[in-house]
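Residue numbering restarts at 1 for every chain, and letters A, B, ... go by the order of the sequence lines. Hydrogens, waters and symmetry mates play no part in the numbers below; they use all other heavy atoms, side chains included. Bear in mind that the values here come from a model prediction, so they are computed numbers and not experimental data.
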Amino acid sequence: MFPIDLLDSAPEGANSGAHPASHSPLLTGLNDEQLAAVTLPAGHALILAGAGSGKTRVLTTRIAWLLQTGQATPGSIMAVTFTNKAAKEMLARLSAMLPYNVRGMWIGTFHGLCNRMLRAHYQVAKLPQAFQILDTQDQLSAIKRLCKQFNVDDERFPPKQLMYFIAGCKEEGMRPGDVVATDPDTRKKVEIYQLYEEQCQREGVVDFGELMLRSFELLRDDVHLRQHYQRRFQHILVDEFQDTNKLQYQWLKQLAGEADGSRFVSQSSVIAVGDDDQSIYAFRGARVGNMADFIREFEVKNQIKLEQNYRSYSNILDCANALISHNSNRLGKNLRTTQGPGEPVRIYEAPSDLAEASWMVDEIKQLVKNDGFTRQEIAVLYRSNAQSRVIESALFNSGIPYRVYGGLRFFERAEIKHALAYLRLLENPHDDTSFMRVVNFPARGIGARTIEQLQDAARSSGCSLSDAVTAVGGAAGTKLQGFVAQIDVLREQTQGKTLREIIETVEEQSGLIEHYRNEKEGADRIENLQELVTAAESFVTQEGFGKDAVALPLDAQEILPATNLTQSPVSQGLDPEAPLLDQPLQAPAGTLASMVNADTGETMSPLAAFLSHASLEAGDNQAQAGQDAVQLMTVHASKGLEFDAVFIGGVEEGLFPHENAMMDRGGLEEERRLAYVAITRARKRLYLSHSQTRMLHGQTRYNVKSRFFDELPEEALKWITPRQSGFGSFAPNSGAGGAYGSRGSGQFGSNSGWSNKTEVFASPVVPRQKAEPSHGIKAGITVFHNKFGEGKVLAVEGQGDDARAQVSFGRHGTKWLALAIAKLTVVE
DNA sequence: CGGGATGGTATTTTT
DNA sequence: TACCATCCCG
């Protein structure tokens with residue numbers, strides 16, 4: 001578990017000022033900014049929370065303060081986050097702070113809360129009660145299936161692209177009818193989007209985007225429901241607001257108030273907490289602009305900046321501040337600390353990616369052996385996953401334990417998905433995605449031919465695959481009916497059983513266990529299947545279903561029939577203002593039996609709840625915690641974490657900033673924010689490194705150091721002398737190094753960096769260019785190439801026919817070109 | 001139905 | 001280079 005911030009270890013004197021309100025133990029230790037944020041008066045507010053400024057503490061303390069001072073009841077509070085991790089964190093802190101149960105409050109992820117709402121009002125939302133949630137994998141296979149069905153040319157319309165299109169539309173709040181399609185390609189995509197929607201509706205499944213959009217529409221279109229929730233949630237707190245997309249913002253607006261002409265009128269208090277400088281998810285629909293829109297549309301009076309940083313020494317913060325100041329259109333913020341300057345930020349230039357990795361390993365050894373750092377507190381960050389390979393192997397070879405973030409998560413593993421598919425079919429036999437996944441797994445002699453027949457039958461009668469099995473004749477049909485019968489038997493068998501028993505029965509009876517038992521590499525998979533039982537068990541008992549977004553018995557207020565909502569909830573004998581103080585701290589085990597939906601009187605089965613949980617929380621993304629291991633992850637994955645020592649590798653043009661990011665508008669600025677996030681992860685020591693050469697896609701690339709180096713304050717940096725051990729083809733000549741010391745980055749801009757490097761790396765491969773060559777091509781000038789267009793010359797080497805130049809062509813990348821062959825014309 | 005060959009493709013990612 | 005998805009064949 002990684003600490004989210006350092007506030008708990010912040011110096012006691014951080015807030016010595018006497019505040020009248022600080023009599024409450026809740027408020028002690030808060031600095032002025034934090035105190036102001038926590039005790040904000042009713043009304044909308046924006047809290048601009050810098051990295052390491054104690055954002056989570058402010059959020060949770062705010063909620064606790066509202067409750068403690070009687071300004072709010074648990075039922076009137078909603079707190080939204082993006083990740084389950086953040087939601088859990090908030091819940092954990094709150095239950096530690098509050099003397100009573102946090103249950104009554106709506107705390108969760110956007111999707112989790114939407115799910116909760118849709119479960120409660122599934123009829124109004126026109127969903128089956130047992131609707132299943134598709135994750136990205138499921139969504140893609142659903143689209144592939146649809147495309148095959150309708151003979152969509154998957155060359156012209158790759159399923160992946162269609163998925164992005166559909167998800168993108170939903171993020172913007174657009175149904176097929178809302179998309180403005182001017183070209184035939186888009187029209188076709190919209191058509192497929194429409195078909196996809198019909199398919200999902202028929203099968204009773206919703207994807208992540210649909211969860212959000214359907215919930216939004218529910219609020220938008222049902223005035224009683226909307227008013228009910230608006231009245232209920234007097235305090236809405238949004239975490240990581242800079243990451244919200246258009247639809248999420250609209251959803252919040254529905255909850256918060258009504259449009260009145262051109263004005264937006266709201267009775268509740270929306271507190272948006274975020275940091276525009278840490279907005280790094282534009283590529284998946286996040287809209288930083290929501291912050292400005294929020295200020296304008298909600299007529300935000302109170303804006304508070306949390307700029308006091310409790311994490312890093314000032315050299316690190318100076319780097320972060322200086323770097324980010326190169327972005328325009330910021331809301332503006334400067335991190336400060338009372339800690340001293342600390343050590344300088346170290347910058348290392350490696351001759352190759354191998355050498356870079358090997359240097360990191362040496363440095364890590366030093367940190368652990370001499371400087372008292374623990375491996376767990378050391379992180380290696382990189383821009384793209386491909387970079388991890390060399391670092392991993394270097395660490396592996398020197399026997400340093402490490403842990404890589406990312407990769408498949410628990411609920412995404414194939415064997416788990418298979419088991420879940422069976423379970424889903426018990427709940428909802430019309431879930432064709434699940435049907436397809438397991439109809440022939442383990443193998444039952446049901447081949448592609450048979451499936452095609454079945455799909456044809458299902459399509460012509462407009463029913464689900466499960467319902468169509470009787471339409472297929474012959475031996476194939478018998479096999480299909482056998483499968484459906486098997487599912488039916490399972491459903492019968494598991495009736496009234498506990499969740500544990502259900503899963504065990506399904507894993508055994510489906511033949512999954514047997515299948516993996518016969519497989520060479522099956523042992524791990526069987527272990528995972530057993531782990532699934534354990535996960536379900538702990539879901540039922542420990543979590544008590546309160547954690548995640550399932551309809552809770554205590555939420556009976558929400559589960560009112562829509563028709564009754566014309567009356568006040570109070571008239572139903574459900575007082576939304578009733579305090580929940582007298583409720584038990586922990587929900588008793590097996591509370592699910594009491595999960596009655598007041599709407600229909602139906603009970604939400606533990607299985608249904610668990611399936612929602614499995615879709616909404618894919619499980620830990622981090623490998624086996626526990627041992628003291630160095631942490632490897634992308635910069636994106638590092639957001640929200642912090643470490644004593646941080647290495648950022650591959651800080652090179654083309655990689656960081658990434659060349660692909662440069663193509664879209666604002667791409668460079670997002671890359672810079674990404675670098676800002678990376679830098680602010682470090683507490684005590686920070687290393688930035690770049691390499692002259694790098695193996696990428698099986699080709700050696702020659703990269704120039706990142707422009708970001710030029711944006712860092714020289715006083716805070718220390719340029720490390722490369723070691724003299726030889727690595728790769730660009731090993732420095734022995735004795736030629738040692739000239740690095742502390743040097744101004746200003747004297748070599750990104751274009752001239754190379755020639756300076758050659759001073760140190762006086763290798764025969766990259767000789768320093770002294771005399772002006774006759775071809776007139778030299779570093780720094782712009783040239784034109786027939787195929788690649790205009791490019792900047794980074795370096796020139798060799799003479800006569802051997803002469804070659806390294807040219808950076810922007811979107812075409814950086815290339816070495818033989819001047820005798822490539823036709824380069826000098827531009828101007 | 002499964003295995004091997006082949007070819008296309010390689011930021012970032014949560015729900 | 002390395003992974004993957006798809007295809008074709010036994």
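- Taking only side-chain atoms of A:N385, from C-beta outward, the nucleotide of B:dT15, B:dT11, B:dT12 with the closest atom is B:dT12.
- Taking every heavy atom of both residues into account, A:A272 and A:F294 meet most closely at CB-CE2, 3.6 Å.
- When rounded to the nearest whole Å, the span between CD of A:E171 and C1' of B:dT13 equals 11 Å.
- Figure legend: A:R284 and A:Y164 shown without cation-pi pairing, the cationic atom not lying both under 6.0 angstrom from the six-membered ring centre and within 45 degrees of its axis.
- In this structure, CZ of A:R673 is placed 16 Å from C1' of B:dT11, rounded to the nearest angstrom.
- Between A:R701 and A:E652 there is no salt bridge, since no side-chain N of the basic residue sits under 4.0 Å from a carboxylate O of the acidic one.
- Spacing of C1' atoms, C:dA5 relative to B:dT12, comes out at 22 Å, to the nearest Å.
- In this structure, NE2 of A:H658 is placed 12 Å from P of B:dT13, rounded to the nearest angstrom.
- Here B:dT12 presents its C1' atom at 8 Å from CD of A:E670, a figure rounded to the nearest Å.
- Separating the CG atom of A:L641 from the P atom of B:dT13 is a distance of 13 Å, rounded to the nearest angstrom.
- Between B:dC1 and A:R449, no contact under 4.0 Å exists linking OP1 or OP2 to a side-chain N or O.
- Relative orientation of the A:F709 and A:H690 rings is tilted, given thresholds of 30° and 60° on the angle between their planes.
- Summary of the strand contacts: A:A443 and A:S615 both lie near DNA chain B, and taking for each the nucleotide with the nearest heavy atom, the more 5' one is attributed to A:A443.
- Of the candidate nucleotides C:dT1, B:dC1, B:dT12, C:dT1 has the atom nearest to the side chain of A:M695.
- Atom CD in A:E617 sits roughly 7 Å away from atom P in B:dT15 (whole-Å rounding).
- In this structure, the nucleotide among B:dC1, B:dT13, B:dT14 sitting nearest to the side chain of A:H636 is B:dT13.
- The side chain of A:F283 sits closest to B:dT12 out of B:dT12, B:dT11, B:dT14.
- Between the side chains of A:Q242 and A:E240, a donor-acceptor pair is found at a separation under 3.5 Å.
- Glycosidic conformation at B:dT11 (O4'-C1'-N9-C4 for purines, O4'-C1'-N1-C2 for pyrimidines): syn, within 90° of 0.
- Of all heavy-atom pairs between A:Y196 and A:A142, the closest is CE1-CB, 4.2 Å.
- A:N440 comes within 4.0 angstrom of the backbone, heavy atoms only, and of no base.
- Heavy-atom distances to DNA chain B give each of A:R444 and A:A637 a nearest nucleotide, and the one nearer the 5′ end belongs to A:R444.
- Separating the C1' atom of B:dT14 from that of C:dC3 is a span of 23 Å, rounded to the nearest Å.
- Nearest nucleotide to the A:T634 side chain, out of B:dC1, B:dT15, B:dT13: B:dT13.
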For nucleotides 5-9 of chain B, list the nitrogen or oxygen atoms of the protein found under 3.5 Å from its nitrogen or oxygen atoms, one pair per line.
none

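- Here A:D275 contributes atom CG and A:R330 contributes atom CZ; the two are 8.5 Å apart, rounded to the nearest 0.5 Å.
- Using a 4.5 Å heavy-atom threshold, the side chains of A:R287 and A:E171 count as separate.
- A:L381 comes within 4.0 angstrom of no nucleic acid atom, judged by non-hydrogen atoms across all strands.
- Separating the C1' atom of B:dT11 from that of C:dT6 is a span of 24 Å, rounded to the nearest Å.
- Across all strands, A:G445 comes closer than 4.0 Å only to sugar-phosphate atoms, never to a base (heavy-atom distances).
- At whole-Å resolution of the value, CD in A:Q387 and C1' in B:dA10 are 13 Å apart.
- B:dT13 and C:dC4 have their P atoms separated by 16 Å, with the value rounded to a whole Å.
- Each of B:dT13, B:dT11, B:dC1 was ranked by its minimum atom distance to the side chain of A:E671; first place goes to B:dT11.
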Check the interface with nucleotides 2-9 of chain C: list each N/O to N/O pair with the protein under 3.5 Å, or write none.
none

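- The side chain of A:T109 approaches B:dT15 more closely than any other nucleotide in the set B:dT15, B:dT14, B:dT11.
- One finds no side-chain N or O of A:N660 lying less than 4.0 angstrom from the OP1 or OP2 phosphate oxygen of B:dT12.
- Using a 30° and 60° split on the angle between ring planes, A:Y281 and A:H636 fall in the tilted class, from 30° to 60°.
- Ring geometry, A:F441 versus A:Y516: the interplanar angle falls from 30° to 60°, so the pair is classed tilted.
- Among all heavy-atom pairs drawn from A:E669 and A:N327, the shortest one is O-ND2, 3.2 Å.
- Atom CZ of A:R694 and atom C1' of B:dA10 are 15 Å apart (whole Å).
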